[in-house]
There are 2 protein chains.
Amino acid sequence: LHEDAMMQAADRLDRLTKPQGSLGRLEQLAVQLAGIRGEPLPRFPRKAAVVMAGDHGVCEEGVSAYPAEVTPQMVLNMLSGGAAINVLARQAGADVFCVDVGISGDVRHPDLIERKVRRGTANMCAGPAMTREEALRSLAVGMEVAGLLAGRGVTLVAAGEMGIGNTTPSAAIAAVLAGVPVETVVGRGTGLDDEGLAVKREAVRRAIAVNRPDSDDPVDVLAKVGGLEIAALAGLMLGAATRRIPVVIDGFISSAAALAAVRLCPAVLSYLIASHLSEERGHAVVLDALGLAPPIRLDMRLGEGSGAVLGLHLVEAASRLIGEMATFDSAGVSRRRED
Amino acid sequence: LHEDAMMQAADRLDRLTKPQGSLGRLEQLAVQLAGIRGEPLPRFPRKAAVVMAGDHGVCEEGVSAYPAEVTPQMVLNMLSGGAAINVLARQAGADVFCVDVGISGDVRHPDLIERKVRRGTANMCAGPAMTREEALRSLAVGMEVAGLLAGRGVTLVAAGEMGIGNTTPSAAIAAVLAGVPVETVVGRGTGLDDEGLAVKREAVRRAIAVNRPDSDDPVDVLAKVGGLEIAALAGLMLGAATRRIPVVIDGFISSAAALAAVRLCPAVLSYLIASHLSEERGHAVVLDALGLAPPIRLDMRLGEGSGAVLGLHLVEAASRLIGEMATFDSAGVSRRRED
C-alpha cells in the first residue's frame, strides 16, 4: 500500500470536525482506501458487482436444497435485473457483471461475459473437481475480468457468485486452508434440513479424504475440492489488487475464495474489505482465518454478492467523509481542552 | 402496525427469487416497514436526519473532553454542510434538520429550527436538570418536528443529536430506566481519560442521588437527569410513530431517548429501527433494554445521527428488495426440491 497517502489520510482525519477516532472503523477504512488507491482522498465514482457463476458435480450427492438448473436460471434473472444483487447494486450505484466460468448448461445473453472453463466441476467425492490446469484457467478468468473492469474505469469491486451447491466446495476449501474440522465449516447453505446437513458434512469429508488436497498449495485445493467460480473469484481478487482496486468480499463462498487468494499471495489481504457476517456456519471461521471483522450483521445467507454490495455503502461513506467533511480550522470549531 | 400489509409483505418475500428467509433481517425489516407504513411495498423517497441540539449544565463538573462552546459551533457546521452528518446524509439522500431545543448560546441561521426551551439545562448534580414543564415542552418540540417533517412528505427519519456533555445525562437516564448500575452505562464519550471517566461516573451517581428520579415516570427522569435535546428526541419518536414514520435510532444518546419514549408509550417500539452499535459503553445495555439488535458495528462514537444515517441504506435496501426483485414465477426460476 501507498504509505504516503495513508499518512496524509490519517493526518486529515485528525483535522476533521469530530473527536479523533470517533468515526471508528470508517477511519481505518479511509486510510486503507487511501493506501490502496495511492491518493489521500480516494473517490469511487465507478463501482462494480461481479457475479462469478459455475456448477458443481458434487450436487449429485444431494448437498443442496435447490436443483442445479437454478444456476443458469438465476444468472438469466441477474442479466434481466431481477435478482437481489441487481436491486442492491442499483441502490449502491454499481454495475453488475455476470461471468460464466463454468455453468453446466448454456446461457445466452448479450451482457453475459462468457468464459466457460468447463461445464461444471466433476463430483469431488469421486475424484478431483477439476484439473490443475482448469483451476489455473479459472484463476486467469478472474484476473482477466479485473483487467476488463479496470479498463472501464471501475475502482471498487464487490465480489459475488452464483452456483447451486457451492457452499460445499467452499467448506472443503475452508477446512483445508484454515486447518479446522469439517463440521465447523459445513452449514445449511440455502436451507438444508438436518438430514441434508449430515449428507453435506459427509460429502465434504469424503472429498477431502479421496483427493488429499495439499493445504500448502492453494491451487491444488481449488482444483481438487474447489469450484470454477470460486477459483475465478480468487483470481478476481488477485487481479484487482495488482490494479489497486479494493475488493469488498461477500459471504462464505466469496470469503473462501479470498482465503485461497491470500494464501496464494498474502499481499492481497490489504486490498480486501469485509462486509457482512452471513448466517452460513463457516463464514466466521474463514473471516477469522483472514483476520477480517465484518461490520454488517443481518443474518443473510443469499450470496450473489448481496452483502458485499451493502458494504459498498460503507466504503462510499468512508471515502466521502474524508473527502467532504470540514476541518476544525475551516469550520471555526474549538478542539478538545487538552489540545 | 398494519397486519394486513405485513402479511402481504411476508407473502411476497417468499415468492421472490431467493431461498426463503435468505435475506435475513432485511426481510424482517421489510415486514416491519410494511406494517408501519400500512402498505406491502413501502417506499421512502423523502428521508430526513434530525439533529436535536442542547447544552448541559453538568459540563461544569468536567464530564466532557470538549468545551460547551462546541455545541453552537458544531450546529453551525451542520447548517453549513461540513459535519459528518451532512456528508452521510447527502450520501443517503436525506435532508438534515437542525433543531435548537436548548443551546446555551445564540445560533442564527435561516435553516435552523429555533425552538429553544431554555438555555441549556441546570447542573443535575446540584438539582433537577430542568422542570417537569420544560421536559414536557421539549417532548412537544420533538412531536412538533415530527409533524413538520410529515408535512414535507418525509416518511423515514434518522434521529440524532448534538450537545457537549450529553452522554452524561444519557447514562443517568439509562441507569434509572434500565435499572442497571451506573458504571455499566458511563463511557468515555468523545474521549475522556481514566480520570475524566471517574469524574463522570461520580457525577451521574450524584445526579441520581440528589434528584431521586422516579423510574416509573419517564418525564420525571427526563426532567431531573435528562437533557432538552434528549427529551425532544423522545418526542420526535412519539410524534413519528403517530404519523406512521419509522425512526432509525443512532447511538447511546438517541437510544436513551428511545428508551424514554418506549417507557412513555410502549407501542412506539414497533416504529424504531436500530442502526449501529457504538463504542460508547452503555449503548449495548440500552439496546438490550429495548430488545433491539443493531446490524452495523463500526466502533463509532460520534453521535449527530451518523450511525442512524448509515442505517438508512439498510432500510432503503429492504424497501427496494421487496419492491423490485423478480418472483420465481415472473423470472422462470425453479423452487426448491421439497416445494
Side-chain angles (χ1 to χ4, degrees), chain A residues 16-26 65-67 69-70 73-74 76-77 80-84 86-88 90-92 189-191 278-279 293-304 306 310 313-314 316-317 320-321 323-327 330-338, chain B residues 16-26 65-67 69-70 73-74 76-77 80-84 86-88 90-92 189-191 278-279 293-304 306 310 313-314 316-317 320-321 323-327 330-338:
Chain A
L16 300 177
T17 46
K18 59 171 185 53
Q20 284 197 12
S22 63
L23 287 169
R25 290 170 53 197
L26 287 180
Y66 282 80
E69 73 207 37
V70 167
Q73 290 170 347
M74 278 303 298
L76 269 179
N77 190 20
S80 314
N86 304 102
V87 176
L88 295 173
R90 277 197 293 275
Q91 181 193 351
T190 46
S278 91
E279 205 181 45
I296 301 174
R297 287 161 196 230
L298 286 166
D299 301 335
M300 291 164 69
R301 50 181 171 81
L302 175 62
E304 300 183 3
S306 52
L310 288 176
H313 296 289
L314 303 182
E316 178 76 20
R320 286 180 180 237
L321 285 164
E324 298 177 20
M325 270 182 76
T327 60
S330 74
V333 173
S334 307
R335 285 160 186 267
R336 34 186 296 166
R337 297 166 192 277
E338 296 93 312
Chain B
L16 300 177
T17 47
K18 58 171 185 54
Q20 283 197 12
S22 62
L23 287 169
R25 289 169 52 197
L26 288 179
Y66 282 79
E69 72 208 39
V70 167
Q73 289 169 349
M74 280 301 300
L76 268 179
N77 190 20
S80 313
N86 303 104
V87 176
L88 295 173
R90 278 197 291 274
Q91 181 193 350
T190 48
S278 92
E279 205 181 44
I296 301 174
R297 286 160 197 231
L298 286 166
D299 301 335
M300 292 165 70
R301 50 180 172 81
L302 175 62
E304 300 183 3
S306 52
L310 289 175
H313 296 290
L314 303 182
E316 179 75 20
R320 285 182 181 236
L321 285 164
E324 298 178 20
M325 272 181 76
T327 61
S330 74
V333 173
S334 306
R335 286 161 184 264
R336 35 186 300 167
R337 294 167 194 277
E338 296 92 312

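Here the structure is a predicted model, which means the values were calculated and not measured. Just so it is clear: chains get the letters A, B, ... in the order the sequence lines come, proteins before strands, and each one is counted from 1.
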Problem - chain A contact via Leu310(B) - which portion, at a heavy-atom distance below 4.5 Å - result: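 For Leu310(B), the side chain is the part near chain A, not the backbone.
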
Practice task
Measure distances from Val70(B) to the heavy atoms of chain A and classify the residue's part below 4.5 Å as side chain, backbone, both or neither.
Solution key: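 Val70(B) touches chain A through side-chain heavy atoms alone.
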
Problem - Lys18(A) and Glu304(B) ion-paired at < 4.0 Å - result: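 No.
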
Largest heavy-atom contact set with chain B, pairs under 4.5 Å, which of [options]:
options: Thr327(A), Leu23(A), Leu298(A); result: Leu298(A)
options: Ser334(A), Ala331(A), Ala326(A), Ser278(A); result: Ser334(A)
options: Val87(A), Asn86(A), Asp299(A); result: Val87(A)
options: Arg301(A), Glu324(A), Met300(A); result: Arg301(A)

Exercise for the section: Could you look at Glu69(A) and say if it's the side chain, the backbone, both or neither that has a heavy atom under 4.5 Å from chain B? Expected result: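 Contact with chain B: side chain only.
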
Handout entry: Under 4.5 Å from any heavy atom of chain B - which part of Ser80(A)
Key =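 Neither part; nothing is under 4.5 Å.
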
Handout entry: Side chains of Tyr66(B) and Pro19(A) in contact at under 4.5 Å (non-hydrogen atoms)
Key =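 Yes, close enough: below the 4.5 Å cut-off.
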
Exercise for the section: Kindly indicate whether the side chain of Arg320(B), heavy atoms from C-beta on, has any atom under 4.5 Å from the side chain of Leu88(A). Expected result: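 Not in contact.
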
Handout entry: chain A contacts, top residue of Val333(B), Thr190(B), Ile296(B) (heavy-atom pairs, under 4.5 Å)
Key =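 Max contact count across the listed options: Val333(B).
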
Practice task
Verify, without hydrogens or angle tests, whether Arg25(A) (side chain) and Arg297(B) (backbone) share a donor-acceptor contact under 3.5 angstrom.
Solution key: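 Yes, Arg25(A) side chain to Arg297(B) backbone: donor-acceptor pair under 3.5 Å.
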
Handout entry: Main-chain N/O of His313(B) paired to Gln91(A) side chain as donor or acceptor, under 3.5 Å
Key =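 Yes; judged by distance alone, with no hydrogens or angles, the pair exists.
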
Exercise for the section: Quick one: closest heavy-atom pair of Thr17(A) and Ala83(B), and the distance? Expected result: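 Result for this residue pair: OG1-CA, 4.3 Å.
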
